[in-house]
Amino acid sequence: MAHQIRSVLAVGAFREETTRRIQDAAASVGVGASFLSRWDGATGPSSDEDLLAIVLPMDGPRAEQTCANVRAQARLASVPLFGVTGQPEDLTFTELFTWGGDDLVGLGSAQPLARRLRPLVGRAPSGAHPRAGTARGAIVASTDARWRSVMGRALYSGGYSVRFVTDEVSLAAECAAQGVTVVVAADDLAREGPAALVSRARASGSEAAWIVVSPPKRMALTRAAVEALGRVAVVDGFAPPENVLFLVNELLASRGVDKRASARLLYGTTVAFRTAGREADEIGFSYNISEAGLYVRTLAPPDPGQQVWLEMWAPRSERRVRLAGSVAWARPFGDTSRATVPAGFGVKLTDGLAGDLERWRAGYAAFAATLLGAPAGAAPPAQA
């Protein structure tokens with residue numbers, strides 16, 4: 001029997017106009033919309049309610065806590081979570097991703113949300129993590145339960161089976177298990193520091209790549225502590241958790257020959273995009289960039305082969321650029337075996353307005369020179 005999706009759930013206080021647009025977006029794809037004023041330990045959807053998506057206001061006082069409550073429930077791990085805002089911008093995107101959300105929507109009309117809901121209607125349900133039976137195992141180690149849940153979901157979506165660890169003794173034992181490909185650990189898990197964690201794991205025979213997550217104020221010290229160990233990267237603790245997936249892939253690929261014309265670098269900024277010739281922009285967020293292209297996070301990606309127009313801040317630049325390109329590929333939302341990126345699309349850049357493509361390339365070159373102080377195969381630090 002086909003899986004039936006019942007409704008879009010909106011959680012929080014919405015203006016009447018926004019409520020109507022959520023209802024219209026849901027109705028346009030043939031589902032209902034239900035509303036909940038708050039979600040905490042005493043309130044929430046019933047266990048038999050089948051959700052297409054969850055929507056919350058980013059300007060609400062409980063937005064972060066609502067995300068945490070949603071992501072704490074394994075049965076909702078595959079339900080996309082949308083933030084609603086009047087003006088999508090870099091900080092709001094980053095906050096939502098860090099909390100475990102999936103896309104930011106400006107509700108000037110019902111269409112942006114409807115375009116994101118439409119591909120979800122026929123999507124088969126996915127199992128809740130941790131995934132079993134995959135060849136790639138990941139360990140997420142931290143004392144913070146909320147952080148473990150969000151980070152685990154990002155790795156699970158990338159095709160990893162995920163195990164959680166809350167202390168350094170358990171971590172040492174788990175690292176010795178077969179099939180552990182990557183360890184993602186908070187930098188403060190061990191009193192001796194992250195280098196001791198990595199060294200003990202390597203002494204036990206583990207060949208896993210390591211991602212150490214550190215707050216910005218400690219990143220320089222953390223990098224200095226682990227830089228000599230090899231196959232270890234440090235990521236900003238306030239960056240989107242999917243940045244970890246990027247760094248894992250870079251570390252695992254570093255054993256081979258890099259045939260890229262230019263390095264892909266993490267770079268996050270708001271991107272206005274539209275299919276060439278269309279009237280209205282969609283809003284997404286860049287994930288990684290190269291000299292010749294970029295990947296844009298969104299749950300409303302254009303189809304491969306389409307021509308697109310984009311506007312965004314170029315790296316290391318004080319002005320926005322308008323660029324044109326072709327969609328090389330797209331990844332829909334949902335579990336995809338060995339996915340290396342979140343939902344979105346990759347663009348090959350082909351042109352720019354009034355020298356903007358040259359400005360993009362110059363900005364990329366300056367950005368790469370800043371980040372890549374190591375040989376070409378090394379993983380760059382994460383950018384939020």
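Only this structure's heavy atoms are used, side chains among them; waters, hydrogens and symmetry mates stay out.
Counting heavy atoms of neighbouring residues, nucleotides and ligands inside a 6.0 Å radius, atom CZ of Arg322 does not exceed 12 of them. Counted within 6.0 Å of CZ on Arg320, heavy atoms from surrounding residues, nucleotides or ligands total more than 12; the atom is thus considered enclosed.
The backbone N or O of Leu113 lies less than 3.5 Å from no partner atom in the side chain of Arg118, so there is not a single donor-acceptor pair. Proximity of a side-chain donor or acceptor of Arg21 to a complementary backbone N or O of Gly108 within less than 3.5 Å is detected. A distance-only check finds a donor-acceptor pair linking the side chain of Thr19 to the backbone of Arg15 [under 3.5 Å]. Side-chain N or O atoms of Gln306 include one that pairs as donor or acceptor with a backbone N or O of Asp303 at under 3.5 Å. The backbone N or O of Pro342 sits less than 3.5 Å from a side-chain atom of Tyr295, completing a donor-acceptor pair. When atom types are taken as modelled, the side chain of Thr350 and the backbone of Ala324 share a donor-acceptor pair closer than 3.5 angstrom.
A donor and an acceptor atom, one from each side chain of Gln111 and Arg116, are nowhere located under 3.5 Å apart. Side-chain atoms of Asn69 and Thr66 form no donor-acceptor pair, as typed in the model, at a separation below 3.5 Å.
Side-chain contact between Met58 and Phe82 is absent, with no heavy-atom pair separated by less than 4.5 Å. In this structure the side chain of Leu197 never reaches within 4.5 angstrom of the side chain of Glu192, judged on heavy atoms. Contact of the Ile22 side chain with the Phe35 side chain is registered, since non-hydrogen atoms from C-beta on lie closer than 4.5 Å. You'll find the side chain of Asp167 stays beyond 4.5 Å of the side chain of Thr143, heavy atoms only.
With respect to Arg153, the side chain to side chain contact (heavy atoms under 4.5 Å, CB included) criterion is satisfied by exactly one of Asp102, Val162, Leu76: Asp102.
Under a hydrophobic clustering in which Ile, Leu, Val, Met, Phe, Trp and Tyr are joined whenever their side-chain heavy atoms come within less than 4.5 Å, directly or via other members, Val55 and Val121 fall into the same cluster. Transitive grouping of hydrophobic side chains (ILVMFWY, heavy atoms separated by less than 4.5 Å) keeps Val182 and Val150 in distinct clusters.
Considering all non-hydrogen atoms of both residues, Trp99 and Ala63 come closest at CZ3-CB, 3.7 Å. Asp103 approaches Leu299 most closely through the heavy-atom pair OD2-N, 2.8 Å. Scanning all heavy atoms of the two residues, the minimum distance from Ala53 to Leu120 falls at CB-CD1, 4.5 Å.
The side chain to side chain donor-acceptor pair (under 3.5 Å) test applied to Arg20 returns no partner, not counting sequence neighbours.
The aromatic ring centroids of Phe93 and Phe97 lie less than 6.0 Å from each other. For Trp313 and Tyr267, the distance between ring centers is not under 6.0 angstrom.
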**Request:** Show the numbers, then the answer: is there a side-chain contact (heavy atoms from CB on, under 4.5 Å) between Tyr287 and Glu242?
**Result:** CA-CA 9 Å; Tyr287 181 61; Glu242 289 79 9; 4.0 Å; yes

**Request:** Take Glu291 and Arg264, measure what salt bridge (Lys or Arg N to Asp or Glu O under 4.0 Å) needs, and give me the verdict at the end.
**Result:** CA-CA 8 Å; Glu291 183 182 52; Arg264 291 191 183 97; over 6 Å; no

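With Phe367 as the aromatic partner, Arg316 does not meet the cation-pi criteria of under 6.0 angstrom to the ring centre and within 45 degrees of the ring axis.
Residue pairs meeting the side-chain hydrogen bond (donor to acceptor under 3.5 Å, both in side chains) criterion with at least one partner in residues 79-91, sequence neighbours excluded, are Asp90-Thr269, Asp90-Thr270.
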